[in-house]
Amino acid sequence: MTKLVSREYRSGLSRLLSQATFQLALLRSQWPVVESSFKREQLRLTRKIPPDDPVRLGVNLLAPINCSLDETLHTRALSYLLDPAAPHGFKKKVLTSFIEKVQDVSPRGSGAAALLALLRRKRTKVSVTPEYRYRVADSKRSVARCDIWIELHAAGAAGLMIIENKIKAPEHNDQLTWYGKKARAWTKENLKALEPLCVYLTRTDKQNLKEPWLRLTYIELAAVLRRVWEENQDAVGREWLALYIASITSGVLKIKGNALEKATLNEIEEYLWEGA
């Protein structure tokens with residue numbers, strides 16, 4: 001049986017919590033200065049975002065059809081952009097920028113650098129498969145589905161990147177284990193294959209991941225796509241890309257283009273992707 005807390009105990013605890021410690025008092029005195037500094041930096045960074053930037057668009061690709069958080073549609077859109085053979089006109093640039101970002105935010109030795117070197121070869125062939133299905137030996141299911149499966153093949157070398165896309169709920173760890181095993185099996189089947197690059201794309205960074213999985217957040221993905229949008233002004237798919245970036249910033253992350261001052265400083269910094 002739970003023991004009831006006496007009124008005297010509650011009153012004493014309340015008095016204790018109401019007494020400001022030295023640290024709290026110091027924080028209260030310094031907080032206006034800190035808050036003002038944050039606001040100034042936020043304003044400085046926000047001014048770097050031009051009026052025609054995708055984050056400022058009043059419309060986006062998925063909101064009109066009420067599919068802003070539809071994982072399957074986001075998987076299809078990203079697969080399209082990552083495919084160098086797709087008719088968007090960006091060629092390898094989205095895939096290159098994506099792997100560069102993984103390398104930028106991941107621990108040293110993630111395998112991204114080796115995959116980038118393979119991708120940058122002139123004769124490397126790339127295949128992108130959304131919703132890649134394969135058989136598994138499991139009591140609960142016979143088929144597993146990896147969201148995006150990307151193979152790279154060149155003379156004497158091969159590479160693999162798989163992406164698990166999760167917006168609404170965390171992925172089950174056993175599923176990530178299946179995908180990791182399948183990726184490692186693929187490397188054994190392909191001569192001189194690199195270590196697989198396994199990327200978990202998520203709206204937040206709260207889930208703990210085990211090797212070989214590396215995390216990429218949706219704000220980091222938006223930064224990747226924005227860089228491609230900035231640097232490829234003649235690409236036929238540039239306007240479509242802007243609308244999709246807005247689907248990420250507004251639809252997934254709830255960053256409103258007409259109220260950027262309400263975005264966090266961290267979100268603005270991540271979106272601009274400076275210093276890389």
Side-chain angles (χ1 to χ4, degrees), residues 35-83 86-102 104-105 163 165-168 201-205 215-276:
E35 188 176 31
S36 177
S37 177
F38 279 151
K39 289 293 184 182
R40 286 197 303 272
E41 180 63 8
Q42 185 183 47
L43 181 61
R44 184 187 72 82
L45 292 175
T46 301
R47 285 173 175 169
K48 290 187 174 185
I49 301 175
D52 66 338
D53 192 279
V55 77
R56 295 189 185 274
L57 288 178
V59 295
N60 68 64
L61 197 64
L62 300 179
I65 55 175
N66 198 28
C67 291
S68 294
L69 300 179
D70 189 306
E71 290 174 1
T72 301
L73 288 182
H74 280 281
T75 293
R76 288 284 177 171
L78 183 55
S79 298
Y80 167 74
L81 289 168
L82 291 172
D83 188 351
H88 46 58
F90 299 118
K91 299 181 181 178
K92 292 182 180 180
K93 292 174 183 177
V94 177
L95 182 56
T96 299
S97 188
F98 186 94
I99 300 174
E100 285 175 341
K101 189 62 175 178
V102 173
D104 184 46
V105 301
I163 302 170
N165 178 26
K166 214 64 184 172
I167 296 176
K168 296 179 182 178
L201 180 61
T202 175
R203 185 161 45 168
T204 69
D205 58 359
R215 180 186 293 103
L216 195 74
T217 63
Y218 259 88
I219 189 65
E220 290 166 343
L221 173 62
V224 166
L225 300 181
R226 178 181 184 267
R227 173 165 292 185
V228 175
W229 176 83
E230 275 191 312
E231 296 177 352
N232 298 272
Q233 298 192 14
D234 295 329
V236 66
R238 188 171 185 262
E239 291 184 9
W240 185 94
L241 177 57
L243 289 169
Y244 180 59
I245 294 171
S247 294
I248 294 175
T249 55
S250 176
V252 177
L253 302 173
K254 310 305 179 186
I255 299 172
K256 302 303 179 184
N258 60 355
L260 284 180
E261 68 279 359
K262 295 182 179 179
T264 68
L265 181 59
N266 184 63
E267 285 173 331
I268 298 172
E269 288 176 331
E270 290 285 0
Y271 182 69
L272 288 172
W273 192 7
E274 294 184 319

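What you see below is based on every heavy atom in this structure, not just the backbone, and it leaves out hydrogens, waters and symmetry mates. It should be emphasised that the depicted structure is a prediction, and the values quoted were computed from it without experimental measurement. Just so you know, residue 1 is the first one in the sequence shown, and it goes up from there.
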Are the side chains of [X] and [Y] in touch, meaning some heavy atoms are under 4.5 Å apart?
X	Y	result
Leu69	Arg203	yes
Thr264	Ile268	no
Leu216	Lys101	yes
Leu43	Lys39	no
Asp70	Leu62	no
Asp83	Ser79	no

Quiz item: Do Glu100 and Arg227 sit within salt-bridge range, that is, some charged N less than 4.0 Å from a carboxylate O?
Solution: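 Arg227 and Glu100: not salt-bridged.
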What distance separates [X] [atom1] from [Y] [atom2], expressed to the nearest 0.5 Å?
X	Y	atom1	atom2	result
Thr202	Glu220	OG1	CD	10.5 Å
Ile163	Phe98	CD1	CZ	3.5 Å
Leu45	Arg40	CG	CZ	13.0 Å
Leu78	Glu71	CG	CD	12.5 Å
Thr204	Ile219	OG1	CD1	13.0 Å
Leu81	Leu95	CG	CG	11.0 Å

Using distance only, find each side-chain donor-acceptor pair of residues 230-237 under 3.5 Å and give its atom names and separation, not counting sequence neighbours.
unit_1: Asn232; atom_1: OD1; unit_2: Lys93; atom_2: NZ; d: 2.8
unit_1: Asn232; atom_1: ND2; unit_2: Val228; atom_2: O; d: 2.8

Quiz prompt | Lys262 NZ: over 12 foreign heavy atoms closer than 6.0 Å | solution =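 At most 12 heavy atoms, drawn from other residues, nucleotides or ligands, come within 6.0 Å of this atom.
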Quiz item: Does a sphere of radius 6.0 Å around NZ in Lys91 hold more than 12 heavy atoms from other residues, nucleotides or ligands, not counting ones at 6.0 Å or beyond?
Solution: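 No, the 6.0 Å shell around NZ holds no more than 12 heavy atoms from other groups.
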State, to 0.1 Å, how close [X] and [Y] come at their nearest heavy-atom pair, and which atoms those are.
X	Y	result
Lys256	Ser250	NZ-OG, 3.6 Å
Ser68	Ala63	OG-CA, 3.6 Å
Gly257	Leu260	O-CG, 3.8 Å
Ser247	Leu61	OG-N, 2.9 Å

Practice problem: Please name all residues satisfying side chain to side chain donor-acceptor pair (under 3.5 Å) with Tyr218, sequence neighbours left out, ordered by chain then number. | Solution: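 With sequence neighbours excluded, Tyr218 shows a side chain to side chain donor-acceptor pair (under 3.5 Å) to Asn165, given in chain and number order.
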Self-check item: Worked check of side-chain contact (heavy atoms from CB on, under 4.5 Å) between Trp273 and Ser97
Solution: CA-CA 11 Å; Trp273 192 7; Ser97 188; 3.6 Å; yes
Quiz item: Is the distance between the ring centroids of Tyr80 and Trp240 less than 6.0 Å?
Solution: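 Aromatic pair counts; centres sit under 6.0 Å.
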Exercise. For the pair Glu41 and Leu265, evaluate side-chain contact (heavy atoms from CB on, under 4.5 Å) and give the outcome as yes or no after the intermediate values.
Key: CA-CA 8 Å; Glu41 180 63 8; Leu265 181 59; 3.7 Å; yes
Review item, side-chain donor-acceptor pairs of residues 50-59, under 3.5 Å, at least two apart:
unit_1: Asp53; atom_1: OD1; unit_2: Val55; atom_2: N; d: 3.0
unit_1: Asp53; atom_1: OD1; unit_2: Tyr271; atom_2: OH; d: 2.4
unit_1: Asp53; atom_1: OD2; unit_2: Arg226; atom_2: NE; d: 2.6
unit_1: Asp53; atom_1: OD2; unit_2: Arg226; atom_2: NH2; d: 3.0
unit_1: Arg56; atom_1: NE; unit_2: Ile49; atom_2: O; d: 3.1
unit_1: Arg56; atom_1: NE; unit_2: Pro50; atom_2: O; d: 3.2
unit_1: Arg56; atom_1: NH2; unit_2: Thr46; atom_2: O; d: 3.2
unit_1: Arg56; atom_1: NH2; unit_2: Ile49; atom_2: O; d: 3.0

Practice problem: Report the C-alpha separation of His88 and Arg238 in whole Å, then their side-chain angles, then the decisive distance to 0.1 Å, and conclude whether the side-chain contact (heavy atoms from CB on, under 4.5 Å) test is met. | Solution: CA-CA 8 Å; His88 46 58; Arg238 188 171 185 262; over 6 Å; no
